[in-house]
Structure formats: C-alpha cells, structure tokens
Amino acid sequence: MPQSRPSISAALKRELLEEAGYGCAIPGCGVTMPLDRAHLLDWAKTRDDRFGNQIMLCKNHHGLHGKTIATQDLRVIKAKLAFRQGRYGKHALSLLRMHAVLRIPRIDLYQSNENLRATVDPLARDGYYQLRKREFDSRQGCIVERWELTQNGRFFTWAWRESGDELVIPVESKMCRHVA
C-alpha cells in the first residue's frame, strides 16, 4: 500500500471481512488468509475508501482483477453478498429495487416520517447515495430531500439487476416518488 493512501478503520475492515464471510469473496475460492482489499473503482482516481467501493479478495484474485476478473463481475458478487447477508433493511431494499428495475437516477424523500432518513443513511454511508438538495415543500407541508445515486450506486443497482436475484417493483409510497 502506497504511503499516501490512508489506512481504513478497524470497523470498516471488519464489515468487509464479514461481508465476504472472512474469506475471499470469489465463490468457491475458500482462501481465508492473507486477504486484500480490492477497490471496484480505482482508488488512485477516486480516493474512495467507502464500503461500497471495496471487496475482500485473496492475493491471487486481487492480482487477476482487471485482467481475467472484470470489475463488473466483482460488482455482481458484491451485490449478491449484500442482499443475501441482509446488510440493508426492507425499505432500503425497496429504494434500490426501484432504481434497479425502473433505472431512475434520483428519488425525492418526503420527511413526514422521521425514521425515513434511517432508510437512506446506510446506503449513503456505503457510498451508493448522495444528498443533492434539501428544501421545504409548501404543497406537501414537509421537508423534501433529493437523493441521487452515486457512480458506485448506479453500478451497484446495475450489478444487482444482472445478478439474477429476484427484483420486484415496490408498492408506491407517499414517502418517496421517483424523479426521471
């Protein structure tokens, strides 16, 4: 690891290890030590060390990333791991399904429900969402937050769509609406 690259927190490293089952994330590999953190989007270009941009690989598979293992393959693996291990709650999954199925880049969240922010926060922390705008909507009588998928978020929902996992369009809710 180059000197200029900061180390990650122990909590983030633990999350990455838990996600991959304390071994290489490549199905069938089975190697548990030593493991490397591989960045889906090149760290030198993005400086993105968030959970959503990393996956644990053995040294062999990390060396093959970009050669015989495509980044899109790692994204599909990461998407499958996240959903099968229950990283996100049902409301967060509904938001991601909406993006994956309808292929929309943004959502407006109406904050009439104080717990709604808890739905988006884990996705934002992992680097899949970013807050673009926050304002009061006089017609609805509440605060509206406009959230947008990040580049990693778009790749993540694409990978989920391609992973073959069942995707069901969520029932419309007064708490969110999609924006084309």
Side-chain angles (χ1 to χ4, degrees), residues 5 8 12 15-16 18-20 25-27 36-57 61-62 64-111 116-135 143-173 175-180:
R5 186 180 297 188
I8 63 167
L12 178 55
E15 285 182 88
L16 290 166
E18 286 173 1
E19 174 190 51
I26 302 294
D36 289 343
R37 291 181 298 122
H39 288 81
L40 302 176
L41 298 174
D42 187 19
W43 184 88
K45 293 177 183 173
T46 65
R47 301 289 195 253
D48 185 358
D49 258 344
R50 290 178 290 191
F51 176 87
N53 191 42
Q54 298 182 70
I55 192 166
M56 297 302 279
L57 299 176
H61 286 120
H62 192 186
L64 294 174
H65 177 213
K67 296 174 185 149
T68 59
I69 298 175
T71 298
Q72 65 191 28
D73 296 330
L74 292 181
R75 288 187 183 115
V76 169
I77 291 168
K78 187 159 183 79
K80 286 184 176 187
L81 290 171
F83 295 110
R84 294 200 176 130
Q85 293 182 4
R87 181 164 179 85
Y88 304 113
K90 66 180 181 177
H91 298 297
L93 291 176
S94 290
L95 289 176
L96 291 171
R97 278 188 193 102
M98 186 168 52
H99 287 294
V101 174
L102 301 176
R103 299 177 188 208
I104 56 172
R106 294 179 300 279
I107 58 168
D108 286 348
L109 299 179
Y110 293 88
Q111 284 195 318
L116 186 57
R117 185 64 179 267
T119 298
V120 178
D121 278 346
L123 299 168
R125 184 194 71 225
D126 288 350
Y128 299 135
Y129 270 106
Q130 59 190 354
L131 180 63
R132 282 295 186 198
K133 188 176 182 182
R134 189 172 199 260
E135 62 188 5
I143 294 173
V144 178
E145 292 183 340
R146 175 162 285 179
W147 288 86
E148 191 169 89
L149 286 172
T150 61
Q151 182 180 17
N152 246 357
R154 289 189 302 273
F155 288 143
F156 186 77
T157 57
W158 170 85
W160 187 18
R161 196 171 51 242
E162 299 297 314
S163 73
D165 285 352
E166 184 178 331
L167 297 173
V168 179
I169 298 176
V171 175
E172 280 288 331
S173 166
M175 296 184 304
C176 73
R177 68 179 171 88
H178 71 275
V179 179

Next item on the list: Kindly state whether the ring of His99 and the ring of Tyr129 have centres lying under 6.0 angstrom apart.
Entry: yes
Notebook entry, point to check: Does a side-chain heavy-atom distance below 4.5 Å link Glu19 with Met56?
Noted result: no
Check: Could you walk me through whether Val101 and Thr157 pass the side chain to side chain contact (heavy atoms under 4.5 Å, CB included) check?
Finding: CA-CA 9 Å; Val101 174; Thr157 57; over 6 Å; no
Note to self: For the CG atom of Asn152 and the CD atom of Gln130, what is their distance to the nearest 0.5 Å?
What the structure shows: 11.0 Å
Margin query: Using the side-chain contact (heavy atoms from CB on, under 4.5 Å) criterion, which residues pair with Ala25? Sequence neighbours excluded.
Written below: Ala20, Ile55, Leu57, Ile77, Leu81
Item checked: Heavy-atom side-chain contact between Phe156 and Leu96 under 4.5 Å -> yes
Next item on the list: Could you tell me which residues satisfy salt bridge (Lys or Arg N to Asp or Glu O under 4.0 Å) with Glu15, sequence neighbours excluded, listed by chain and number?
Entry: Arg87, Arg125
Next item on the list: Supply the atom-to-atom distance Asp73 CG to Lys78 NZ, rounded to the nearest 0.5 angstrom.
Entry: 15.0 Å
Checklist line | Side-chain donor or acceptor of Arg154 paired with backbone N/O of Leu149 under 3.5 Å | finding: yes
Check: Backbone N or O of Tyr128 within a donor-acceptor pair of the Asp126 side chain at under 3.5 Å?
Finding: no
Check: His39 and side-chain contact (heavy atoms from CB on, under 4.5 Å): which partner among Asp48, Thr46, Asp49?
Finding: Asp49
Note to self: Run Arg75 and Leu41 through side chain to side chain contact (heavy atoms under 4.5 Å, CB included) and show every step you take.
What the structure shows: CA-CA 10 Å; Arg75 288 187 183 115; Leu41 298 174; 3.2 Å; yes
Item checked: Residues that Leu131 engages under side-chain contact (heavy atoms from CB on, under 4.5 Å), provided they are two or more places apart -> Glu145, Trp147
Check: Measuring from Ile8:CD1 to Arg37:CZ, what's the distance to the nearest 0.5 Å?
Finding: 4.0 Å
Check: How long is the gap from CD on Gln54 to CG on Leu12, to the nearest 0.5 Å?
Finding: 5.5 Å
